[in-house]
2 protein chains.
Amino acid sequence: MAVSMHDVARAAGVSQRTVSNVVNDYAYVRPETRRRVLEAMEELGYVPNAAARSLRRSRTGLIAFVVPDFRARIFADLAGLVVREAEALGHRVLIEVTDSDRERELQVLSGGRNQLTDGAIMMALSLRPQDGRRRRAGYPLVLMGDHVLEGVHHVAIPNREASLAVVRHLAGSGRRRLMLLGHGPHGSETARTRLNGFLAGLAEAGLPADEALMVAADWSRARGRQAIEEHIDSGRPLPDAIFAMNDSLALGALRALRERGVLVPQEVALVGFDDVEEARYSTPSLTSVSPDLEAMAAHAVAMLHEQITGKPSGREPHLTVDFHLRIRESSQ
Amino acid sequence: MAVSMHDVARAAGVSQRTVSNVVNDYAYVRPETRRRVLEAMEELGYVPNAAARSLRRSRTGLIAFVVPDFRARIFADLAGLVVREAEALGHRVLIEVTDSDRERELQVLSGGRNQLTDGAIMMALSLRPQDGRRRRAGYPLVLMGDHVLEGVHHVAIPNREASLAVVRHLAGSGRRRLMLLGHGPHGSETARTRLNGFLAGLAEAGLPADEALMVAADWSRARGRQAIEEHIDSGRPLPDAIFAMNDSLALGALRALRERGVLVPQEVALVGFDDVEEARYSTPSLTSVSPDLEAMAAHAVAMLHEQITGKPSGREPHLTVDFHLRIRESSQ
DNA sequence: CTGAAAGCGCTAACAG
DNA sequence: CTGTTAGCGCTTTCAG
């Protein structure tokens, strides 16, 4: 076995209690004693056993960040921000990938997948309101995204408002035939809400909602490209603007348009969602909805922190972050 | 306190031992007994305490993945792969960010930053051979990248060979004035090795090594862009090819070239390193070195797994993964 | 197949 | 300021 506090105590000629005090920067320990203990620790190569400490404190210092998929740029970005915020509040982050699997999301909810964590931040895709009853009682949880489970803290992206803003921008610059890319039969709540905002925008601008211009597609670059290729090759008339439900789709679409010789933005304006770094650097640069991810991460971590430490702070249990529509070359 | 095994045992009218057996799918438990226990667990909402289990088993099931920075796309990609591989072998992954801070890297090495993990995979930037002595004895560790610490398992990217291949490709298609972008005074070992391969390639092709064409820059998109802008604006003659030390630099450079009206690849060929997804979708698409990241993640996790479980497997303690030079529009 | 019981290493209440 | 000591909840040896 590794060297324990007991060993250190014996070596330094003090009690275990004192060693613990030194390790935890506790109370008053005489400088001389502290020095002796530190010396003994150094000499024996003592490293505190975190499992024992966790057991005793019933706190591990770990939180889980649960995402559907790590390949999507936005989740990786968010993870980076969550790690940073968590560290600032003294937590470390365990990454859990659900592969958008409903079963796994439920496992997180019911506590089967949270071993060794004090709480979780989850980006859930498939949860429904009635799943609330499967929740493990007392386990701190914050949801990111659209789903509101009764009584669960939650921080959201303003999907509807942002989509509305996109349509206003497009219609406001004279576009009339708007395509929505990424709407799909297996759509998540997020997709539905963005669709909603899109439709509201059309109505507001007095434009018809054309089913043929609501194109289903997974939110990947490859599918965005493919969807547009198929649309063009089928000979259907082009829209004069495309609103893609995320930047991956938009950038895939951009590639397809370029290959088919369609000019962006002259013939077709293009707008994405998420504002990943790449949007600023594509050719043409991509207009995109930029949700405030930093705020999102900060709020989520802070909410979780409160639940874990049990310090309520009057903070709203439901929050929606800001967004900006970054207008770039692809839609001007 | 939460409900414990003891509570379940009492409720089911069996001993704690039997509950443990059921929880761990152990040994022979009479079906009838198992059923009763399962029922009691369900009823009481029992969730095993992972900290206690970890203490007892002296194993947490967690491994740390330590990266310099999470914003760089390649680290996020790698993290996703590591999480997947780890899960397949029954480990979960804790993400640790060092911000390229040498002190933090040393803390990982010495065990101060590995609380609750059974081992770590680290992408170290600043470690030097003599740091080996600071290593925490017996703590399973695998390094990714260039640094070889005496006696530490290690999986590498073939930086020298790949850089050589890039120069061969460029020189082979008639380019004569090659710029190296990303070489810098604070260069990591990785940068030095890529520089090495570059110089070897020049020598092999009988081309001069021109100091003025070795441009220092952090490996970010913004810096790549800025470096090329400055070069052009200073009136210095353009190279006919640029080898950027990673794709971020290359894509930033591409942006600068485009804005200054320089044609890629007609006037200047451009090659990057890492082959991030974006390279395939840029305009023009980017030629890049594609190291086999999947293999890298798989090897690293497997090596760590062996150390943790103590099952040696004749696998080499040092391994270099394959790479492919993906030749695309930017260099043809 | 199941029970009793001994710790894993640490924290913290209690006592000086 | 420091020593003693009782568990935290679980796994596992030893008996039956």
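In what follows, chains carry the letters A, B, and so on, assigned in the order in which the sequence lines appear, proteins first and then strands, with residues in each chain numbered from 1.
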Between [X] ([atom1]) and [N] ([atom2]), how many Å, whole number?
{"X": "A:Q115", "N": "D:dC10", "atom1": "CD", "atom2": "P", "answer": "11 Å"}
{"X": "A:M41", "N": "C:dG9", "atom1": "CE", "atom2": "C1'", "answer": "14 Å"}
{"X": "B:R10", "N": "D:dC10", "atom1": "CZ", "atom2": "P", "answer": "14 Å"}

Does [X] have any side-chain hydrogen bond (donor to acceptor under 3.5 Å, both in side chains) partners at least two apart in sequence or in another chain, and if so, which?
{"X": "A:R36", "answer": "none"}
{"X": "B:H154", "answer": "none"}
{"X": "A:H153", "answer": "none"}
{"X": "B:R73", "answer": "B:D77"}

Test item: side-chain donor near acceptor, B:N21 and B:R17, under 3.5 Å
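Yes, a side-chain donor-acceptor pair sits under 3.5 Å.
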Any side-chain donor-acceptor pair under 3.5 Å between B:T190 and B:N159?
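Their side chains do not contain a donor-acceptor pair, so the 3.5 Å distance test is not met.
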Tell me what B:S54 touches on the nucleic acid: a base, only sugar-phosphate, or nothing, going by heavy atoms under 4.0 Å.
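Counting heavy atoms under 4.0 Å across all strands, no contact is made by B:S54.
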Between the axis at one end of the helix from C:dC1-D:dG16 to C:dG16-D:dC1 and the axis at the other (five pairs apiece), what's the angle to 10 degrees?
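About 30° separates the two local helix axes.
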If you only use heavy atoms from C-beta on, which nucleotide in C:dC1, D:dG3, C:dG9 is closest to the side chain of B:R30?
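Nearest listed nucleotide: C:dC1.
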With nearest nucleotides of DNA chain C determined for B:T33 and B:L55 from heavy-atom distances, which residue corresponds to the more 5′ nucleotide?
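The residue whose closest nucleotide sits nearer the 5' end is B:T33.
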Please round to the nearest 0.5 Å and tell me the distance separating atom NE2 of B:H91 and atom CG of B:L304.
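Atom-to-atom, B:H91:NE2 and B:L304:CG are 6.5 Å apart.
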Take A:E87 and A:R92 through the salt bridge (charged side-chain N to carboxylate O under 4.0 Å, His left out) test and state the conclusion after the steps.
CA-CA 6 Å; A:E87 181 158 349; A:R92 293 154 75 223; over 6 Å; no
Anything under 3.5 Å between a protein N or O and an N or O of nucleotides 10-12 of chain C, put it in a table, one pair a line.
| unit_1 | atom_1 | unit_2 | atom_2 | d |
| --- | --- | --- | --- | --- |
| C:dC10 | OP1 | A:Y46 | OH | 2.5 |
| C:dC10 | OP1 | A:N49 | N | 3.0 |
| C:dC10 | OP2 | A:M5 | N | 2.5 |
| C:dT11 | OP1 | A:R53 | NE | 2.8 |
| C:dT11 | OP1 | A:R53 | NH2 | 3.3 |
| C:dT11 | OP2 | A:S20 | OG | 3.2 |
| C:dT11 | OP2 | A:N24 | ND2 | 3.4 |
| C:dT11 | O2 | A:R56 | NH1 | 2.5 |
| C:dA12 | OP2 | A:Y26 | OH | 2.9 |

